[in-house]
Amino acid sequence: MSSTAPLPVTRTRVVIVGAGPAGLTVANLLRTAGVDCVLLEAESREFIEQRPRAGFMEEWAVRALARRGLADRLLERAGTQGEFEFRFDGERHTMRTAELSGRRHFVYPQPLLVTDLVASYVDRAGGEVRFGVREVALHGIDSDRPAVSYTDPVTGARHRIEGDFIAGCDGARGVSRAAVPDGRAVLTRHDHGVAWLALLAEAPASADGVIFGIHERGFGAHMARSDRVTRYYLQVAPGEDAGNWSHDRVWDELRVRLAADGSPPLAEGPLIEKVVLDMHNYVVEPMVFGRLHLAGDAAHLVAPIAAKGMNLAINDALLLGDALIAHYQGDDSGLAGYSEACLRRVWQYLEFSQWLSCVLHGASSGDRFRAGTARARLRRLLGSESAAKAFAGLYMGEEADL
């Protein structure tokens, strides 16, 4: 009669699942404060340092990372933006958001931030990450000794890590949110009814900042990323196949949707990414289940309409990291208020994203009411200083004392 050998067990204080901006920020904060943690990531280090993702960081987030010594390279290398253009009816309308709000956007693609945070945690601080783990599972989230098990990608052996807390930072498709028992969470979802074809072009930017093209054929956007790569978006039908969009078709449509009198021609180049993104949001409430704390896209997904996702992930991570550190110093108020504190900003950003979606997609909706109200919002925004200041404050991001 054979017996099953017990799994090798590692003991730590905090098990972090997912090495995106949220998980890596939590790991860095804990490591600096001397709180033991282990970080698990399903992909390789090389993969997460190259995976295309968001590129806009709000100034409060950059300042908060800088105060914790996590933004040195960011501050050296990132560009900043303080205005953007609406283009519609063949005209250009500039929104001077920095002048209106007193804040800037930092342009720093997520792979660069992830690279910096991995280097800080692993190379400089000696933090532990187990990359490429498979078949990750969470256990005992309601107990005082929750655990995470996984399969080693090299040996095929199962391992178990026990801790005091689990930080679930593994994104929308990760195992952390799926580990929440039925009936314990309220999942709220909103579908914008459109999709975007997300494009990366090996081409210099055709403008200094962001262009939002509002057109009856669909929304189009230009976003500078670096001196040789530019992000573009095209509104397409939900479920559209990216393979239907050839190089010529993409550039023809971008020229139409971003056209405006006096604007320079678009700088074309090879398309190195074409992905269709359905525009939807969801929120998990609460964000805490026993000893499991969700952060980032594991807890809330915000469509990239207003470029808020990475900033919300950083907000969650800073609050969670600080709360865990305070717990080990005898103060549990941060953990008790973690979900509520995160969700205040989440809902504020979701509301703004929905408002902006109505503006950007109204003209192409085929609905005269939606098109008319969207145009009315634009007229008010462009004709009222108070409306412009309120918009700029939300677009550039709420201040945060982190």
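FYI, side chains are in, hydrogens and waters are out, and symmetry mates aren't considered; it's all heavy atoms of this structure. Sequential numbering from 1 along the given sequence is applied to the chain's residues.
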In the structure I gave you, are the side-chain heavy atoms of [X] and [Y] within less than 4.5 Å of one another anywhere?
| X | Y | value |
| --- | --- | --- |
| Asp191 | Asp278 | no |
| Pro181 | Ile141 | yes |
| Leu138 | Pro146 | no |
| Trp245 | Leu199 | no |
| Arg92 | Asp261 | no |
| Arg345 | Glu398 | yes |
| Leu258 | Ser263 | no |
| Arg375 | Ile214 | no |

Does atom [atom1] of [X] have more than 12 heavy-atom neighbours, drawn from other residues, nucleotides or ligands, at distances under 6.0 Å?
| X | atom1 | value |
| --- | --- | --- |
| Glu273 | CD | yes |
| Arg145 | CZ | yes |
| Asp208 | CG | no |

Counting N and O atoms only, with roles assigned by atom type, does the side chain of [X] sit under 3.5 Å from a partner on the main chain of [Y], one being a donor and the other an acceptor?
| X | Y | answer |
| --- | --- | --- |
| His222 | Gly209 | yes |
| Ser384 | Leu381 | no |
| Thr12 | Cys37 | yes |
| Tyr395 | Phe352 | no |
| Thr97 | Gly82 | yes |
| Tyr349 | Gly309 | no |
| Arg160 | Val9 | no |
| Ser353 | Leu350 | no |
| Arg68 | Leu318 | no |
| Arg134 | Ala42 | yes |

[X] and [Y]: which non-hydrogen atoms are nearest, and at how many Å?
| X | Y | result |
| --- | --- | --- |
| Leu29 | Ala317 | CD1-O, 4.0 Å |
| Leu277 | Ala198 | CD1-CB, 3.9 Å |
| Trp60 | Asn311 | CH2-O, 3.5 Å |
| Ala323 | Gly334 | CB-C, 3.5 Å |
| Ser206 | Pro264 | O-CG, 3.6 Å |
| Cys342 | Asn315 | CA-ND2, 4.3 Å |

Side-chain donor-acceptor pair present, [X], [Y], cut-off under 3.5 Å:
| X | Y | value |
| --- | --- | --- |
| Asp248 | Ser246 | no |
| His139 | Ser149 | yes |
| Asp116 | Tyr108 | yes |

_Can you confirm whether or not the ring centre of Phe84 sits under 6.0 Å from the ring centre of His105?_
no
Under 6.0 Å from the ring centre and within 45 degrees of the ring axis: does the NZ or CZ of [X] meet both conditions for the six-membered ring of [Y]?
| X | Y | value |
| --- | --- | --- |
| Arg130 | Tyr150 | no |
| Arg380 | Trp355 | no |
| Arg177 | Tyr282 | yes |

*Worked verdict on Phe56 versus Val107 for side-chain contact (heavy atoms from CB on, under 4.5 Å)*: CA-CA 5 Å; Phe56 283 100; Val107 183; 3.9 Å; yes
*From the options Lys308, His190, His300, Arg189, select the one residue that forms a side-chain contact (heavy atoms from CB on, under 4.5 Å) with Asn281.*
His190
*Pick one: which of Ile166, Thr10, Val38 meets side-chain contact (heavy atoms from CB on, under 4.5 Å) with Val148?*
Ile166
About how many Å separate [atom2] of [Y] and [atom1] of [X], when rounded to the nearest 0.5 Å?
| X | Y | atom1 | atom2 | answer |
| --- | --- | --- | --- | --- |
| Leu320 | Leu335 | CG | CG | 7.0 Å |
| Thr115 | Glu46 | OG1 | CD | 10.0 Å |
| His192 | Gln235 | NE2 | CD | 12.0 Å |
| Ile325 | Asp331 | CD1 | CG | 12.0 Å |
| Ser101 | Met95 | OG | CE | 9.5 Å |
| Leu24 | Ile16 | CG | CD1 | 8.5 Å |

_So, applying ring pair (Phe, Tyr, Trp, His ring centres under 6.0 Å) with Phe219, which one of Trp196, Tyr233, Tyr232 is it?_
Trp196
*List the steps, then state whether side-chain contact (heavy atoms from CB on, under 4.5 Å) holds for His327 with Asp164.*
CA-CA 11 Å; His327 165 79; Asp164 300 327; 5.6 Å; no
*Taking 4.0 angstrom as the limit, do Glu58 and Arg103 come out as a salt bridge?*
no
*I would like to know whether Arg249 and Asp252 meet salt bridge (charged side-chain N to carboxylate O under 4.0 Å, His left out); could you show each step before the answer?*
CA-CA 5 Å; Arg249 185 184 180 192; Asp252 287 346; over 6 Å; no
